[in-house]
Amino acid sequence: MEREMFSRLASKMGITSPKILCQAEEYMRLSLVKCPGLGNSTATSKAVICLELAATSLKFPLDKEYAVKLSGLNKKLYQSNLKSMECMLGLNPNMSLRDLAVQYGCMDAVKVADQILQRYEQSLPAAQQQDLDLAKPLFTTAALVAACKCMKIKVDRKLAGSSGVKKGIFDRLCSQLHTIGQRICSETAQSKEPEKKGQKRQKTLTEILEQQQEEEVLPVSPKQKRDEEAEGGAKEDYEEWKRKILENALKSKTADA
């Protein structure tokens with residue numbers, strides 16, 4: 001049944017080479033083991049993708065627009081599934097963090113993901129660092145997934161499938177990197193934290209002198225000036241009244257004596 005489907009689709013795509021057919025069937029068998037995460041793919045779309053991958057690997061020219069139409073998927077979903085299957089089957093060169101982020105729409109996580117990989121490498125013994133290849137899909141994918149989790153960025157589930165390894169292995173590494181990512185995000189948040197509201201900045205000597213100068217030449221409004229004069233006059237009147245009372249009291253005491 002599978003062979004008949006491949007033959008029928010290959011004929012429509014203009015593929016007649018038995019070698020391409022055999023290669024496409026092999027990719028399909030491998031995809032059942034390595035690509036279980038392609039949930040939106042049908043048997044037909046997987047077969048078309050496998051035929052395109054086989055044709056590309058053997059340098060056979062293909063009408064890719066027609067392949068998309070034949071798959072029954074929209075162009076964006078077809079390209080996403082094609083890239084994911086290509087990664088999981090190990091058919092493409094190692095994709096950089098930026099390439100993965102562009103493909104899955106999470107460019108904001110690239111910087112943190114790169115820092116995660118750097119710290120992960122530094123945490124390993126020197127002997128392990130020599131044999132470590134952080135450009136492999138396992139590490140770049142896990143770092144990007146970990147960074148997205150720390151930054152609360154929603155990302156396509158197919159990104160995890162790009163690692164090309166079993167889920168258990170990927171999840172263990174992702175857990176390690178997520179711990180590192182949390183520390184990085186925490187440090188970043190602390191460095192950006194503004195000064196506490198209760199802590200007022202002390203004024204410089206220059207600012208103090210300028211404030212004193214402003215207070216010395218601060219203009220007085222006419223009303224304020226009248227109020228001040230009235231207050232001064234009232235005070236003088238009171239002092240004069242108080243003086244006269246004391247004088248009269250003293251005179252009266254003298255007369256009685």
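If you read the sequence from its start, that first residue is 1, and numbering goes on from there.
Checking Ile49, Leu51, Thr56 one by one against Leu53, the side chain to side chain contact (heavy atoms under 4.5 Å, CB included) holds for a single residue, Ile49.
Between Ile180 and Gln176, the closest side-chain pair of non-hydrogen atoms is not below 4.5 Å. Here the side chains of Gln190 and Ser186 are in contact, with some heavy-atom distance below 4.5 Å. When side chains are defined from C-beta on, Leu77 counts as touching Asn81, because their heavy atoms get closer than 4.5 Å. Contact annotation: the side chain of Lys75 approaches that of Glu65 to within less than 4.5 Å [non-hydrogen atoms, C-beta and beyond].
Atom-to-atom distance recorded for His178:NE2 and Cys148:SG is 10.5 Å, nearest 0.5 angstrom. Atoms NZ and SG, from Lys152 and Cys185 in turn, are 8.5 Å apart once rounded to the nearest 0.5 Å. The CD atom of Glu52 sits 5.0 Å away from the CG atom of Leu82 when rounded to the nearest 0.5 Å. Note that OG of Ser57 and OH of Tyr27 are 3.5 Å apart. Values are rounded to the nearest 0.5 Å. Note that CD of Gln79 and CG of Leu73 are 10.5 Å apart. Values are rounded to the nearest 0.5 Å. Of the inter-residue distances, the one linking Leu177 atom CG with Leu144 atom CG reads 11.0 Å to the nearest 0.5 angstrom.
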* **Trace of the side-chain contact (heavy atoms from CB on, under 4.5 Å) decision for Gln128 with Glu121** => CA-CA 9 Å; Gln128 290 187 27; Glu121 183 179 22; over 6 Å; no
* Residues Leu117, Leu97; criterion side-chain contact (heavy atoms from CB on, under 4.5 Å); working and verdict -> CA-CA 10 Å; Leu117 287 178; Leu97 276 173; 4.0 Å; yes
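In this structure, Thr140 and Ala135 approach most closely via the heavy-atom pair CG2-O, 4.0 Å. When all heavy atoms of Met5 and Ala47 are compared, the pair lying nearest together is CE-CB, 3.8 Å. What you find for Met85 and Cys50 is that their closest heavy atoms are SD-SG, 3.9 Å. The two residues Gly181 and Cys150 have their closest heavy-atom pair at C-SG, 3.4 Å. The two residues Tyr78 and Val68 make their nearest non-hydrogen contact at CD2-CG2, 3.4 Å. Heavy atoms only, all atoms of each residue included: Ala142 and Cys174 are closest at O-SG, 3.9 Å.
Using a distance-only test at 3.5 Å, with no hydrogens or angles considered, a donor-acceptor pair links the side chain of Thr188 to the main chain of Ile184. Between the side chain of Ser31 and the backbone N or O of Met28 there is at least one donor-acceptor pair closer than 3.5 Å.
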For residues 11-20, please give each side-chain donor-acceptor pair under 3.5 Å, one per line with the distance, not counting sequence neighbours.
| residue | atom | partner | partner atom | Å |
| --- | --- | --- | --- | --- |
| Ser17 | OG | Lys19 | N | 3.3 |
| Ser17 | OG | Ile20 | N | 3.4 |

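Shown here is Arg119, whose CZ atom has more than 12 heavy atoms of other residues, nucleotides or ligands within 6.0 Å.
Counting only residues at least two apart or on different chains, no salt bridge (charged side-chain N to carboxylate O under 4.0 Å, His left out) pair has a member in residues 106-117.
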